[in-house]
Amino acid sequence: MVRVGLIGFGLAGQAFHAPVIRGVRGMELACILERRETRAREKYPEVRVARTLEELLADKEIQLCVIATPNDSHFEYARACLMAGRDVVVDKPFAPTLHESEELVRLAAERGRLITVYQDRRWDGDFGTVKKIVASGKLGTVVEYECRYDRFRLEPKENAWRERADQPGAGVLFDLGPHVIDQALVLFGEPRAITASAFCQRETSQVDDAFDVCMEYPRLRAMGRARIIAYAPGPHFLIHGTKGSFVKYGMDPQEARLRAEDRPDGLDWGADWGVEDEELWGTLSPVGEPSVKVKTDRGDYRGFYANVRDAIEKKAALDVTPEQALRTMRAVMLAHKSSRERRTVEWGEAVE
C-alpha cells in the first residue's frame, strides 16, 4: 500500500488529486495539508488533516507527497519533501522556472527518490484516440496539428491566484500550456523552434488569458491555442496529413465530472467513467474515401496514479519521466520568451 500525503486542498487538490488517489487500488490518501480551512476534514473525516508540512512529514509511513498548491510554492514544497526522503508528484507546471525544475530533478536523483509531474491530460480519451490515429499511419505524414482550449468567461475569477499579476507562474500559458505542449511533445518529439504569443482578450485581465504556441518541425507545424472569449468553440483537435484529416470537437468528460459536487469517491467510478457521448466522436476523412466517425477511447486519469504506484513498487517505469517533465518546462519557458521578445526562438536557446 502506497500511503500518500496531499499538500494543498484548493480546486486541484479537491477535484483532480484527492478523488483520483482514492480511486486507485493500492493507494491510501493518508493525510491532507490544509492550513486554515476545514474542507478536507468535512469531505474526508477519516483522513488525517495537517496544518503544517512538518506535521504531515512527521508520519514516516507517508511515502508519496503530492503538491497541489499555487505554482510559486511548488519548488519549496517539493524540495522539502525530497529532502525528507519522500517520492514526489508535482501538479503542472513543474515550477515557475526551468532552473528550479532542473534542481528538483537533480535533487531527486541525488536522494534516490521518484519525481514526476501530473500530466493527467495524457489520460484523456480523445488524446489516446489521437495517438492511435497518428501512429496508425492513416493520416500519412502529418503536416499540421492543432489542439485548442476554448472557454467563454468575460470576467476574471475573484481572488484567483492564477489570474493575478503579482503571482509567479500565473497566466493561462502556465496553466494550460503544459497540457497542449506535453501532448505535442509526446506525439512528435522536440521541435526545432517555437513561436508564441501570450496575450489578453479581456480588458480586465492582469495576466495572459489566451495564447498561440507554434512548435516548428521540418514539415510539421504543431499549434497549441487557448482562448477565454470563444462562445462557439472550435475543434479541440484538428490534424491534417498527406492521406487525410481528423477533426474532433468537445472536451474529455472527466474534468467536468471531477469538478462537480458529486465527484466519485472510492474505487468504483462506474462503468461509464471516461466514456464520451457518440455525438462528440471525431471524424476521420481519408483521401478518396467516405468520412467515418471514430469512437473515442475511454479516458481515465487514475492511470497516472496507477503508474506512479507501480513505479514506486518497482513494477513499471514512470510514464511521465523527469526528463519529459523538463522538456515540457523548456518548451513552456521558450514560449514565454518568444512572446516576450516577439520572435521565433530556437529549441537550444537559453530560456531565462
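All figures in this text were calculated on a predicted structure; none of them were measured in a lab.
Within the 4.5 Å cutoff, no side-chain heavy atoms of T328 are placed close to those of P93. Side-chain contact between V4 and I62 is absent, with no heavy-atom pair separated by less than 4.5 Å. For the pair I228 and V172, the minimum side-chain heavy-atom distance is 4.5 Å or more. With a 4.5 Å cut-off on side-chain heavy atoms, V213 and L173 count as touching. Under the 4.5 Å side-chain criterion, counting only non-hydrogen atoms from C-beta, L104 is in contact with L82. Proximity of D272 to R257: side-chain heavy atoms (C-beta onward) are separated by under 4.5 Å at one or more points.
Under a 3.5 Å cut-off, the side chain of N71 and the backbone N or O of G169 do form a donor-acceptor pair. Although no hydrogens or angles enter the test, the distance criterion places no donor-acceptor pair under 3.5 Å between the side chain of S205 and the main chain of D208. Under the 3.5 Å distance criterion, the side-chain polar atoms of S101 are matched with a main-chain donor or acceptor of T97. Judged by distance alone, the side chain of D124 and the main-chain N or O of D126 form no donor-acceptor pair under 3.5 Å. Judged by distance alone, the side chain of S338 and the main-chain N or O of A196 form a donor-acceptor pair under 3.5 Å. When atom types are taken as modelled, the side chain of R221 and the backbone of V143 share no donor-acceptor pair closer than 3.5 angstrom. No donor-acceptor pair under 3.5 Å is formed between the side chain of K243 and the backbone N or O of K138.
A salt bridge links R148 with E146: the distance from a Lys NZ or Arg NE/NH1/NH2 to an Asp or Glu carboxylate oxygen falls below 4.0 Å. Under the 4.0 Å criterion applied to side-chain N and carboxylate O atoms, R79 and E76 are not assigned as salt-bridge partners. R122 has no carboxylate O lying under 4.0 Å from a charged side-chain N of D319, or vice versa, which leaves the two without a salt bridge. Ion pairing between R202 and E163 holds under the 4.0 Å rule for side-chain N and carboxylate O. Between E34 and K43 there is no salt bridge, since no side-chain nitrogen of the basic residue lies less than 4.0 Å from a carboxylate oxygen of the acidic one. A salt bridge does not link R39 with E37: none of the charged nitrogens is closer than 4.0 Å to a carboxylate oxygen.
A cation-pi arrangement, defined by a distance under 6.0 Å to the six-membered ring centre and an angle within 45 degrees of its axis, is present between R302 and W269.
Interatomic distance, I229 CD1 to D209 CG, rounded to the nearest 0.5 Å: 6.5 Å. To the nearest 0.5 Å, atoms NZ (K248) and CG (L280) are separated by 5.5 Å. The distance from atom CH2 of W123 to atom CG of N307, rounded to the nearest 0.5 Å, is 5.5 Å.
For the residue pair D91 / H74, no side-chain donor-acceptor distance below 3.5 Å is found, with atom types taken as modelled. Between the side chains of D212 and S197, not a single donor N or O lies within less than 3.5 Å of an accepting N or O. W347 and E190 form a side-chain donor-acceptor contact under 3.5 Å, judged by distance and modelled atom types alone.
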* Kindly determine whether F188 and Y145 satisfy ring pair (Phe, Tyr, Trp, His ring centres under 6.0 Å), including the steps that lead there. => CA-CA 10 Å; F188 307 115; Y145 166 90; 5.3 Å; yes
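Taking the six-membered ring for Trp and thresholds of 30 and 60 degrees, F304 and Y118 have ring planes more than 60 degrees apart, a perpendicular arrangement. Aromatic ring orientation, Y149 versus H179: parallel (interplanar angle below 30°, classes split at 30° and 60°).
With ring centers used as reference points, F174 lies under 6.0 Å from H336.
A side-chain contact (heavy atoms from CB on, under 4.5 Å) with R121 is found for exactly one of Q254, E255, K92, namely E255. Results of the side-chain contact (heavy atoms from CB on, under 4.5 Å) test with R3 over E28, M27, K60 single out E28 as the only residue that passes.
In the hydrophobic cluster analysis, where Ile, Leu, Val, Met, Phe, Trp and Tyr join through side-chain heavy atoms closer than 4.5 angstrom, V66 is grouped together with L318.
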